[in-house]
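Presented below is the structure to which this report refers.
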Protein chains: 2
Amino acid sequence: MAQQPEAQQAGALPRPTLESVAERAGVSRATASRVVNGGTGVREALREKVQRAVDELGYAPNLAARTLVTRRNHAIAVVVAEPESRLFSDPFFAQHLRGISRELSAADNQMVLLLIEAQQDYERVGRYLAGGHVDGALLFSLHRSDPLPEMARRVGLPTVIGGRPGWPGAESDRELVYVDSDNRGGARMAVQHLRSLGRTRIATITGPLDQTSSTDRLDGYRDLIPDGDPALIAEGDFTPDGGGRAMAELLARRPDLDAVFAASDAMASGALRVLRTHGRRVPEDVAIVGFDDVESIAAWTEPPLTTVRQDIEEMGRLMARLLLRRLASPAQPLAPTSVITPTRLVRRESA
Amino acid sequence: MAQQPEAQQAGALPRPTLESVAERAGVSRATASRVVNGGTGVREALREKVQRAVDELGYAPNLAARTLVTRRNHAIAVVVAEPESRLFSDPFFAQHLRGISRELSAADNQMVLLLIEAQQDYERVGRYLAGGHVDGALLFSLHRSDPLPEMARRVGLPTVIGGRPGWPGAESDRELVYVDSDNRGGARMAVQHLRSLGRTRIATITGPLDQTSSTDRLDGYRDLIPDGDPALIAEGDFTPDGGGRAMAELLARRPDLDAVFAASDAMASGALRVLRTHGRRVPEDVAIVGFDDVESIAAWTEPPLTTVRQDIEEMGRLMARLLLRRLASPAQPLAPTSVITPTRLVRRESA
DNA sequence: TTGAAAGCGCTAACAA
DNA sequence: TTGTTAGCGCTTTCAA
């Protein structure tokens with residue numbers, strides 16, 4: 001037999017099947033399958049024959065066929081409902097993905113990315129999650145009453161959520177697994193730090209108040225300033241622009257403020273600019289602390305930001321790990337429970 | 001050993017199949033299939049019956065089964081070999097993904113994201129591409145002699161590359177489809193603009209010179225300054241830090257420089273900071289032009305950056321569109337050819 | 001230890 | 001217009 005090495009022609013060369021491997025190795029399909037899948041209980045001689053056939057043919061299993069029988073896709077969905085504003089001004093998103101990617105690919109799982117931009121995308125994503133393409137889902141940036149967790153539950157898809165999904169009551173009965181950082185504790189640290197600097201008129205710029213990461217940080221602020229003047233609180237939207245607008249409001253309402261806790265670095269950068277145009281020196285006149293410690297923002301503002309660090313990549317990794325664990329032991333009574341990761345203060349020059 | 005189907009939680013019913021839909025509607029599987037797939041040539045009465053059964057059962061096709069017969073995955077791989085430095089300091093990546101996502105989901109295709117971080121990841125990705133999970137691949141940020149295009153070719157996977165893949169010779173025989181922006185023309189615009197401002201000692205900070213986006217931009221610079229002093233050229237790495245370092249070098253070598261063309265906004269932001277610490281006013285003493293027009297950087301530097309805009313999202317969309325077109329007409333003699341998207345100057349305050 | 005055979009859920013010829 | 005039927009490529013009983 002003339003056994004030519006693969007002549008690689010572009011176009012329709014049919015992929016080798018397990019059948020062809022078996023034939024070449026002179027064994028049955030079942031035996032070939034055993035070898036390909038870790039091969040316990042196959043005589044060494046046959047093992048080698050099959051392995052050689054695999055190599056020579058350049059065989060790779062057809063995973064649709066495999067999925068059809070194993071009911072395992074080795075793929076998980078990552079659904080991002082992040083409003084575009086943040087998605088594109090913050091490396092937040094990329095860092096999460098990296099953490100997830102690392103953890104998943106270590107377990108040979110793939111990541112299917114689903115971006116939600118408009119209302120109609122929910123339907124598309126819902127269909128996809130119901131379609132059985134993926135073994136689980138990682139959900140990000142849920143808004144109040146987001147339908148996604150319920151969709152996933154309905155089709156029995158194991159799910160882990162990024163950030164505490166906090167709409168009140170309604171969903172509290174069912175157990176949602178999530179990973180979040182210690183937003184409240186982090187905010188307390190920030191305010192405590194400003195206090196230790198002797199500041200007494202400490203304002204805060206919050207994120208959008210329909211997200212728990214925003215409200216939790218605000219709660220942390222209030223923990224230390226329980227009877228604060230409401231005029232010292234302004235709502236932003238996690239973007240530099242929004243932070244700048246909020247800062248301008250605060251200055252108008254309380255020109256005597258001497259410190260600001262901004263609930264994200266991006267907002268802090270916008271606030272910084274407004275402070276500058278208003279002639280306030282940072283940190284001499286107004287000290288400012290951010291949140292996130294996104295290097296490419298915090299280290300590059302003028303002056304560099306003191307901020308609350310959260311390990312975003314680690315959060316991504318944790319989410320993936322939780323999900324994989326859940327997949328490994330489906331009907332586990334001790335289901336994986338939610339995780340809160342710590343935050344810490346990173347001092348630079350703004351406070 | 002009866003193995004329980006995984007990814008199916010306790011209480012969740014087994015997913016309905018086409019068979020069960022057909023039974024409930026009182027038709028054959030084939031008819032049910034026709035209805036589910038757009039259903040031409042089915043009597044209205046039956047159509048409705050089947051549709052009702054689908055709705056009542058909450059039927060969603062099993063796509064592994066469908067893929068097995070149609071040989072179409074409705075999924076494409078997006079491979080990003082971006083060095084982490086850039087991935088996390090630049091919204092570049094997120095914008096590309098958005099463009100791709102939009103185009104793909106409009107055609108009901110999904111996006112499988114593969115991040116390459118280390119050498120060993122190439123093997124994993126290669127296996128994946130060979131595994132037949134996806135119908136095509138979109139490749140980003142290739143480095144010189146990157147093995148990815150060849151891997152994809154070997155398994156006959158239609159591929160579109162982001163950015164001109166420019167290793168010399170070697171690969172020039174085979175036709176690689178790519179989408180790139182007019183880097184050279186954009187650079188020329190930048191330099192031309194600086195000139196029109198009366199600047200005569202124009203320096204440039206390049207990206208890493210093993211990427212064509214960097215060398216093309218440098219070529220554009222040289223087009224207008226053919227006999228320039230080599231001391232006016234410094235290599236950066238697309239990060240703010242690298243830009244700052246390059247700027248410091250330039251100032252040391254040519255303290256008399258009066259303008260800088262930085263090959264990315266991120267580098268320009270670093271350069272700006274170094275100029276400031278050296279007491280140079282921008283644009284009075286030194287005018288500076290960036291590249292990319294990444295809003296969250298360019299609009300937020302001090303002063304805001306004049307820069308060369310490339311429409312990154314549009315590039316993502318184009319890549320996806322080219323790939324889909326290729327999938328639609330496989331052996332097309334008039335294969336889709338590469339595309340160069342235009343750039344344009346956006347004036348702000350730095351030049 | 002190995003092989004034969006029965007599906008997994010679906011589409012697409014081909015018949016009726 | 002509809003149904004029958006033959007696979008797609010694989011894993012996994014069950015028997016040998």
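Predicted, not measured: the structure shown is a model, and the values here were computed from it. A note on names: the letters A, B, ... follow the listed sequences, proteins ahead of strands, and every chain is numbered from 1.
- Close approach of DNA chain C to chain A, defined as any atom under 4.0 Å from a non-hydrogen atom of the protein, starts and stops at C:dT1 to C:dG9.
- Of the side-chain N and O atoms in B:Arg43, none sit less than 4.0 angstrom from OP1 or OP2 of D:dT1.
- Within the 3.5 Å criterion, the main-chain N or O of A:Leu63 finds a donor-acceptor partner in the side chain of A:Thr67.
- For the pair B:Arg29 CZ and D:dG7 P, the interatomic distance rounds to 14 Å; values are reported in whole Å.
- Side-chain proximity of B:Ser28 to D:dC10, D:dT4, D:dT5: nearest is D:dT4.
- Here the rule is side chain to side chain contact (heavy atoms under 4.5 Å, CB included) with A:Val177, and of A:Thr337, A:Val339, A:Val160 only A:Val160 fits it.
- Taking CG of B:Leu324 as the reference point, atom CD1 of B:Ile76 lies at 7.5 Å (rounded to 0.5 Å).
- With the nearest nucleotide of DNA chain D identified for both B:Leu46 and B:Arg71, B:Leu46 has the one nearer the 5' end.
- Interatomic distance, A:Leu129 CG to A:Leu139 CG, rounded to the nearest 0.5 Å: 7.5 Å.
- The structure places CG of B:Asp135 at 8.0 Å from CG of B:Leu157, a figure rounded to the nearest 0.5 Å.
- Rounding to whole angstrom units, CG of residue A:Leu63 and P of D:dG9 are separated by 13 Å.
- Residue A:Arg66 contributes atom CZ, which lies 16 Å from atom C1' of D:dC8 at whole-angstrom precision.
- Straight-line distance from the NZ atom of B:Lys49 to the C1' atom of D:dT2: 13 Å, rounded to whole Å.
- Atoms CZ (A:Arg34) and P (D:dT12) sit 10 Å apart, rounded to a whole Å.
- In this structure, A:Ser33 reaches the D:dT11 phosphate: one of its side-chain N or O atoms is under 4.0 Å from OP1 or OP2.
- In this structure, A:Asn37 atom CG and D:dG9 atom P are separated by 17 Å, rounded to whole Å.
- Nucleotide D:dT11 holds its P atom 11 Å from the CG atom of A:Leu68, rounded to whole Å.
- B:His133 NE2 to A:His74 NE2: the interatomic distance, rounded to the nearest 0.5 Å, is 8.5 Å.
- When the shell of 6.0 Å around CD of A:Glu23 is examined, it contains 12 or fewer heavy atoms from other residues, nucleotides or ligands.
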